[in-house]
Amino acid sequence: MKRLLLCAAVALAMHAAEEVLYAQANYDEAKVPKYTLPDPLQLANGEPVADAETWRTKQRPHLLELFATEVYGRLPTKQLPDIHYEVTDDTPDALDGKARRQQVKVYFTKDKSGPQMEILIYTPAKATGPVPCFLGLNFKGNQAISNDPGIHLTQSWSRGEEKDGVVNHKATDATRGAAASRWPVEMILDRGYGVATVYYGDIDPDFDDGFKNGVHPLFAKNSDKPAGDAWGSIGAWAWGLSRALDYLETNKAIDGKRVAVLGHSRLGKTSLWAGANDERFALVISNDSGCGGAALSRRAYGETVKRINTSFPHWFCDNFNKYNDNEDACPVDQHELIALIAPRPVYVASAADDQWADPRGEFLSCLHADPVYKLLGTEGLPATEMPDVDQPVQGTIGYHIRTGKHDVTKFDWEQYLKFADKHLQK
Ligand code: GCU
């Protein structure tokens, strides 16, 4: 009983602390510090990036390296020799006959006892050939994205739901369909797309454990005292997305050359980092990714670098701490992360009531990535001012700020589908 009360008190205190943090942040545009952004089209020696070739061979690798060493940590280059797949389900008539449902285990080691992730894939049942597909990580387990009872319940560590002050880290049936509003599977299928998802906790549980669990220990170097540029959890999740894409490329129901990667919030930061690293992703979507995602760090509006590194010390690499209250010293800012996706289409979405994620800072990242998109011969962002609420702009860079809170809604998906139609449909 005593323990229960203590847990309840801790949970309440944590919630209250979160509210205090949100309230303490700066939301006043007049108090945004004066800053100068690094110019993505200026080489380290001060010369301009004059052409697409120089961008591709010099500047892009240079900026990618800076993000790896200073922000997210390096992704492993070592291949896992024993990675293998097992199709655990292939149902031709799921969702009342609308969908083919496949579930595929990805084992990272030979003996199957090591970390493993499960990919859930829906494709239109009537598809006559490979379809373009949206791939994204989810927060609660694959079973949460739909009420489909055939989805396997995740066995991995779960963030869990709190009940009577106790957090259960094992997912239960109660989580089935819990995130269905964020994954309008049938609407996506009706438009001729597939949708694939993986539970992020299969790849790396979302707590600070000193690199001991998830996929980090598979790469021995990182399991000791991590180096300043060792990958954090965002790196691990992004790496997992690429391993999911490796599999999707082998699946005949999916067109591996037309896979869009998307994510919400911390998983939006992840989709951007995955898209920056892995040029096989044909399109990249960030939904309300905020600090360390699409929002410019130098604005220090809403969540700041110091705040995020303090609350979530396991997300970024240790070197990122150098920029706590010191954003100007960072050699990159987040518009350059967007630029790393060029010339591939990228979509950034904000929500008006999500000031913690700095919607304006997210728009400005798109605007300041635009010169790179233009240099590479694309349409870039067809806006010079931040659009009004619920007025999307869609070029090669897409952006909207919608009414409402931090979430993924039908409105968001309607824009993503329209954007994908523009770029991925032959
Ligand atoms: C917190 C965090 C954000 C993050 C969000 C989420 O609010 O401060 O950076 O995007 O959680 O992932 O839900």
Side-chain angles (χ1 to χ4, degrees), residues 11 14-27 71-72 136-141 144-145 157-162 167 175 178-179 181-183 197-201 203-208 232-238 240-241 261-274 284-317 320-321 323-324 327 333-334 337-338 348-362 365 401-402 404-409 412:
M14 275 169 62
H15 184 70
E18 223 167 62
E19 296 291 306
V20 171
L21 290 180
Y22 284 29
Q24 279 172 347
N26 176 46
Y27 300 110
V71 183
Y72 302 102
L137 300 178
N138 67 71
F139 283 93
K140 292 188 172 170
I145 77 145
W157 172 94
S158 150
R159 281 168 90 187
E161 302 294 332
E162 186 215 311
V167 181
T175 58
S181 67
R182 290 183 173 182
W183 296 87
T197 188
V198 174
Y199 171 48
Y200 84 141
I203 304 163
D204 190 27
D206 191 0
F207 59 88
D208 187 18
S233 291
I234 291 177
W237 298 324
L241 282 166
V261 64
L262 92 163
H264 170 60
S265 209
R266 70 198 67 182
L267 299 179
K269 309 181 208 294
T270 303
S271 63
L272 289 171
W273 183 228
V284 181
I285 300 167
S286 147
N287 192 93
D288 304 356
S289 63
C291 181
L296 291 175
S297 299
R298 278 168 175 73
R299 280 172 48 81
Y301 181 105
E303 187 172 31
T304 62
V305 171
K306 182 178 181 186
R307 190 61 267 154
I308 205 165
N309 279 330
T310 309
S311 305
F312 306 99
H314 58 299
W315 283 2
F316 299 87
C317 68
F320 198 39
N321 286 301
Y323 310 110
N324 291 348
E327 294 86 353
D333 209 321
Q334 300 304 110
L337 181 65
I338 307 288
V348 172
S350 311
D353 297 340
D354 184 18
Q355 293 297 313
W356 181 242
D358 187 13
R360 185 164 179 77
E362 297 194 309
S365 269
I401 173 167
R402 66 154 166 77
K405 64 180 174 72
H406 187 70
D407 198 0
V408 192
T409 67
D412 295 320

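One-based numbering, in listed order, for ligands and for the atoms of each.
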Looking only at side chains, do Thr197 and Asn138 share a donor and an acceptor under 3.5 Å apart?
yes
According to side-chain hydrogen bond (donor to acceptor under 3.5 Å, both in side chains), who are the partners of Glu327, at least two apart in sequence or on a separate chain?
none
How are the rings of Phe320 and Phe316 set relative to one another: parallel (under 30°), tilted (30 to 60°) or perpendicular (over 60°)?
tilted
For Ala294, enumerate each residue passing the side chain to side chain contact (heavy atoms under 4.5 Å, CB included) test, keeping only those at least two apart in sequence or located in another chain.
Leu272, Ser286, Ser289, Ile338, Val348, Glu362
Test applied, ring-ring contact (aromatic ring centres under 6.0 Å, His included); reference residue, Trp356; option that passes from Tyr27, Tyr22, Tyr301
Tyr22
Pairs of nitrogen or oxygen atoms, one from ligand 1 and one from the protein, closer than 3.5 Å: please tabulate them with distances.
{"residue": "ligand 1", "atom": "7 (O)", "partner": "Tyr22", "partner atom": "OH", "Å": "3.1"}
{"residue": "ligand 1", "atom": "7 (O)", "partner": "Trp356", "partner atom": "NE1", "Å": "3.3"}
{"residue": "ligand 1", "atom": "8 (O)", "partner": "Glu303", "partner atom": "OE1", "Å": "3.1"}
{"residue": "ligand 1", "atom": "8 (O)", "partner": "Glu303", "partner atom": "OE2", "Å": "2.6"}
{"residue": "ligand 1", "atom": "8 (O)", "partner": "Trp356", "partner atom": "NE1", "Å": "3.0"}
{"residue": "ligand 1", "atom": "9 (O)", "partner": "Lys269", "partner atom": "NZ", "Å": "2.9"}
{"residue": "ligand 1", "atom": "9 (O)", "partner": "Glu303", "partner atom": "OE1", "Å": "2.6"}
{"residue": "ligand 1", "atom": "9 (O)", "partner": "Glu303", "partner atom": "OE2", "Å": "3.4"}
{"residue": "ligand 1", "atom": "10 (O)", "partner": "Ser265", "partner atom": "OG", "Å": "2.7"}
{"residue": "ligand 1", "atom": "10 (O)", "partner": "Arg266", "partner atom": "N", "Å": "3.3"}
{"residue": "ligand 1", "atom": "10 (O)", "partner": "Lys269", "partner atom": "NZ", "Å": "3.2"}
{"residue": "ligand 1", "atom": "11 (O)", "partner": "Arg266", "partner atom": "NH2", "Å": "3.0"}
{"residue": "ligand 1", "atom": "12 (O)", "partner": "Ser265", "partner atom": "OG", "Å": "2.8"}
{"residue": "ligand 1", "atom": "12 (O)", "partner": "Arg266", "partner atom": "N", "Å": "2.9"}
{"residue": "ligand 1", "atom": "12 (O)", "partner": "Arg266", "partner atom": "NE", "Å": "2.5"}
{"residue": "ligand 1", "atom": "12 (O)", "partner": "Arg266", "partner atom": "NH2", "Å": "3.3"}
{"residue": "ligand 1", "atom": "13 (O)", "partner": "Ser265", "partner atom": "OG", "Å": "2.9"}
{"residue": "ligand 1", "atom": "13 (O)", "partner": "Arg266", "partner atom": "NH2", "Å": "3.4"}

For Arg266, the salt bridge (Lys or Arg N to Asp or Glu O under 4.0 Å) test, sequence neighbours excluded, returns Asp206
